[in-house]
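When a ligand or atom number is given, it counts from 1 through the structure's own listing order. Computed from a predicted structure; not experimentally measured.
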Amino acid sequence: MWVLLRSGYPLRILLPLRGAWMGRRGLPRSLAPGPPRRRYRKEALPALEAPVLPVTTTEIRQYLRARGIPFQDGHSCLRAPSPFVGASKLKHQTGAASFSLFIDKTTGRFLCMTTLAEGSWEDFQASVEGQGGGAREGVLLSEAPEAEDSEEVRRIWDRAIPLWELPESEEAQLARMMFGLTKVTDDTLKRFSVRYLRPARRLVFPWFSPGGLGLRGLKLLGAETQGDGVQYMETTIPRPGAYHNLFGLPLISRRDVEVVLTSRELDSLALNQSTGLPTLALPRGTACLPPALLPYLEQFRRVVLWLGNDLRSWEAAKLFARKLNPKRCSLVRPGDKQPSPLEALNQGLNLSRILRTALPAWHKSIVSFRQLREEVLGELSNVEQAAGVRWSRFPDLNRLLKGHRKGELTVFTGPTGSGKTTFISEYALDLCTQGVNTLWGSFEISNVRLARVMLTQFAVGRLEEQLDKYDEWADRFEDLPLYFMTFHGQQSIRTVIDTMQHAVYVYDICHVVIDNLQFMMGHEQLSTDRIAAQDYIVGAFRKFATDSSCHVTLVIHPRKEDDDKELQTASIFGSAKASQEADNVLILQDRKLVTGPGKRYLQVSKNRFDGDVGVFPLEFNKSSLTFSIPPKSKARLKKIKDDNGLVAKKPSSGKKGAMPQISETCSNQARNPNQPDLSKPSR
Ligand SMILES: Nc1ncnc2c1ncn2[C@@H]1O[C@H](COP(=O)(O)OP(=O)(O)OP(=O)(O)O)[C@@H](O)[C@H]1O
C-alpha cells in the first residue's frame, strides 16, 4: 500500500500492512486475527507531480498576521486559536487553553488539541479560507484507528491483567525478573496502568487518547534471556508508523514545566518512581521522534533526555534535542555510572543525582576542549560503537570502513552497467534492516523497479517463482524504515536538498542514497559548466551531511576511459572536488583483477575514518540480485593483490590519481554473531 503524504514534498512512504503481525511476532495464534489480510485504502489524495516549495516559519507568521489570526511563539510550534473549535466551546476556553492549535514551525503541519484535527499547512490554509470541511470534523488525514485495530486492542486489553493480580506468585515473580521489574512497585505499575498478558507472557502498555477519549492502541513487550543479557521484543497496535503514544501522558498535569524523556516504558516507570518527576517514553525509542508528538511537549520549559546507555542513544538524544529546541534540553550521557534508568534503579544508584549531571544540549559556536572532553572519552571508550553501524552482509566492508557513520559523505562509482544500483541497493538495505532510517533518491530507475530489486535482495531469492510468499515478504519489507523520493529524471539540487531536510526532520533519516548525481546537473553543454555544476552539487551534499548529521551515499558516473583500464579515484567525473569532499570513495571494479561472468570487486580507495583501504571480491547472484557472499562460500574468497595479508594505511587516498592500495585477505573471518541468516527473513 503506497500512501502519498500530503506534505507538499515528493516523498512516498511504504506503510506497513497489518493483519499478519501477531502470529509472526510470536504472540499465540489464538490471539492472532487469522490469516494475513491485505486491505487497500484509496490514496488520500492524488500524487503531486510537481513538488511544492516548502513553507518557512516566516511565511507561516506572515500568513497568520495577514489573516488577523493571533499567535504565540513556542519551542517548536506556533500556537493559535483553533478554527476547528466551535464558537460556543471557544468561549469557555480561557488563556493558553484558547490557543489550542499547534502549527509545526518547520513543516506547517497542525494539530488541534481540542478536537484532535490534524493536517498539512495547505489543509490549514484551505480551512481558514473556508474550503476545509474535512478538517472541521477532526478526521482530516489523521490516522483514525481502524475498527479492526480497535477490536484487537480491546480484546487484548481485556484479557490482560495487572501483574500483582496474577494468581500464582511464582509466575508473578518470574515475570518481574524477566522484565527487570523487581524494584518497581505495584503502585507504580498501577499509576501507569501496566498490565500483563499471561498466555503470551507480554507486558501491555496502554495508549490512551488525550482528553480521556479511550484506548487508542497498545504496546506489547516480550523478554527473552540471551547469554548474560535480556532481549526485548516489541509489538504495537496500530503498526509502528502510526503508534504515536507518548507513554505517561495521562499523568502529566498542565502545570508541569519539566519532563524527562526516556526511550522505553520500563525506564519511565523506574524514573517516575524514584524521582517523582513527570516522565514520558518515546513510542519508538531511539529510532525516531515523530514531529506529530512535538505539540504535546510544548508546555515544558525544560526537557531532559535520558535515552539509554550506548552511543546510539546519545546520538539520538542530540538529534532529538535539535527538534525540541536545544536551548531547553539537557542530555544524560551514557556511562558506567549512568546506565539506563531501570538499570540504575536496579543497581541502587541515585537517579536524581544522575539527572543533575545532565549536560546542556545547546552549544555556543565556539567551544573549548573542556566541553568536548566527555564526548571524546565517550568515543574512546566505545570504539566499536563510534565506528558506526556494521553491515551484516558485507563483513569485508566492516573490515575496511569499520561501519556506517552519521554525517559522512560516500562517493560511489563504477563503469556503466556494472551493477552500481544493484550493489548500492543491497548495501543500503543491509543497514536499513538494522534500523538505519533510509531515504532513496532514485532518479534513473523507477521506485517500483528499485523496490522490486530490493525486495528480491531482502528475500534473497526470486519472488516471481514463489508468489504465494509475496505477501509475507512484502509485509516484512513494509516494516523497514525505508522511504523514497518520487523524483524521476532531472531535478534541481535545491529541491532535492529541501526534500532531504524535510525527511530528516519528519522521519529522522540517517542515510540518504542519491542515484545518481548526473540527474542534478541540468543541461549545461560546456564541459567547464558541467564541472562547476558538479562541484557545487557535491559541496551542497557535503554540507547537508555535516549539518544534518546524516550519511549521504552519492553515485557518480566515471569519466569516459579506455574500457580495459581500471577505474581509480581520479576517474570520477569532474574535478577532484568529489573525492576531496568525500569521507569514503568506493569503486565497483569489473575488469582485470577478477575475471569471469558476474565477478566484480569493490575497492575502498579512500577512508577518512581510519585510513584502511583495499579491495574485496563480490560475487553476483543473478537469482537473488545480491552481491553478498553467503557465509559458506567465504573460503572461496580470493587473496587479490596483497602478498602479506596486511591492510595498507592510506598514503595518497583521496588525492587525484590515487591508485588502488594494497588489498587484504579475508578468508577466515569469524561470522558476526549479529549477522542474520540470509536464508531467513531478517526480522
Ligand atoms: N555482476 C553482475 N553480473 C551480471 N549482471 C549484473 C551484475 N550486476 C548487476 N547486473 C545486472 O545488470 C543490470 C544493470 O545493473 P545496474 O542498473 O545495477 O547497473 P548500473 O551500474 O547502476 O548501471 P548505470 O551505469 O546505467 O547506472 C541489472 O539487470 C543487474 O541485475
Original post:
Backbone, side chain, both or neither: what part of Arg600 comes under 4.0 angstrom of ligand 1, heavy atoms only?
Top reply: side chain

Original post:
Heavy-atom contact under 4.0 Å between Ser425 and ligand 1?
Top reply: no

Subject >> Heavy-atom nearest neighbour of atom 11 (C) of ligand 1 within options Phe627, Phe620, Phe412 >> reply: Phe620

Check whether any N or O atom of [X], backbone or side chain, sits under 3.5 Å from an N or O atom of ligand 1, and answer yes or no.
X      : answer
Asn516 : no
Gly419 : yes
Phe423 : no

Original post:
If you measure from CG on Asn516 to CD1 on Ile424, what distance do you get to the nearest 0.5 Å?
Top reply: 11.5 Å

**OP:** Return yes if a side-chain donor-acceptor contact under 3.5 Å exists between Asp310 and Ser313, otherwise no.
**Re:** yes

Original post:
In terms of ring plane angle, is the pair Phe423 and Phe412 parallel, tilted or perpendicular, where the classes change at 30° and 60°?
Top reply: tilted

**OP:** Check the angle between the aromatic planes of His551 and His511 and answer parallel, tilted or perpendicular using the 30° and 60° thresholds.
**Re:** perpendicular

State the atoms of ligand 1, each with its element, that fall below the 4.0 Å cut-off from a heavy-atom position in [X].
X      : value
Gly417 : 19 (O), 20 (P), 21 (O), 23 (O), 24 (P), 25 (O)
Thr416 : 25 (O)
Thr422 : 9 (C), 15 (O), 16 (P), 18 (O), 30 (C)
Pro415 : 21 (O)
Thr421 : 17 (O), 18 (O), 20 (P), 22 (O)
Leu625 : 31 (O)

Using distance only, find each side-chain donor-acceptor pair of residues 458-467 under 3.5 Å and give its atom names and separation, not counting sequence neighbours.
| unit_1 | atom_1 | unit_2 | atom_2 | d |
| --- | --- | --- | --- | --- |
| Arg462 | NE | Glu465 | OE2 | 3.3 |
| Gln466 | NE2 | Arg462 | O | 3.1 |

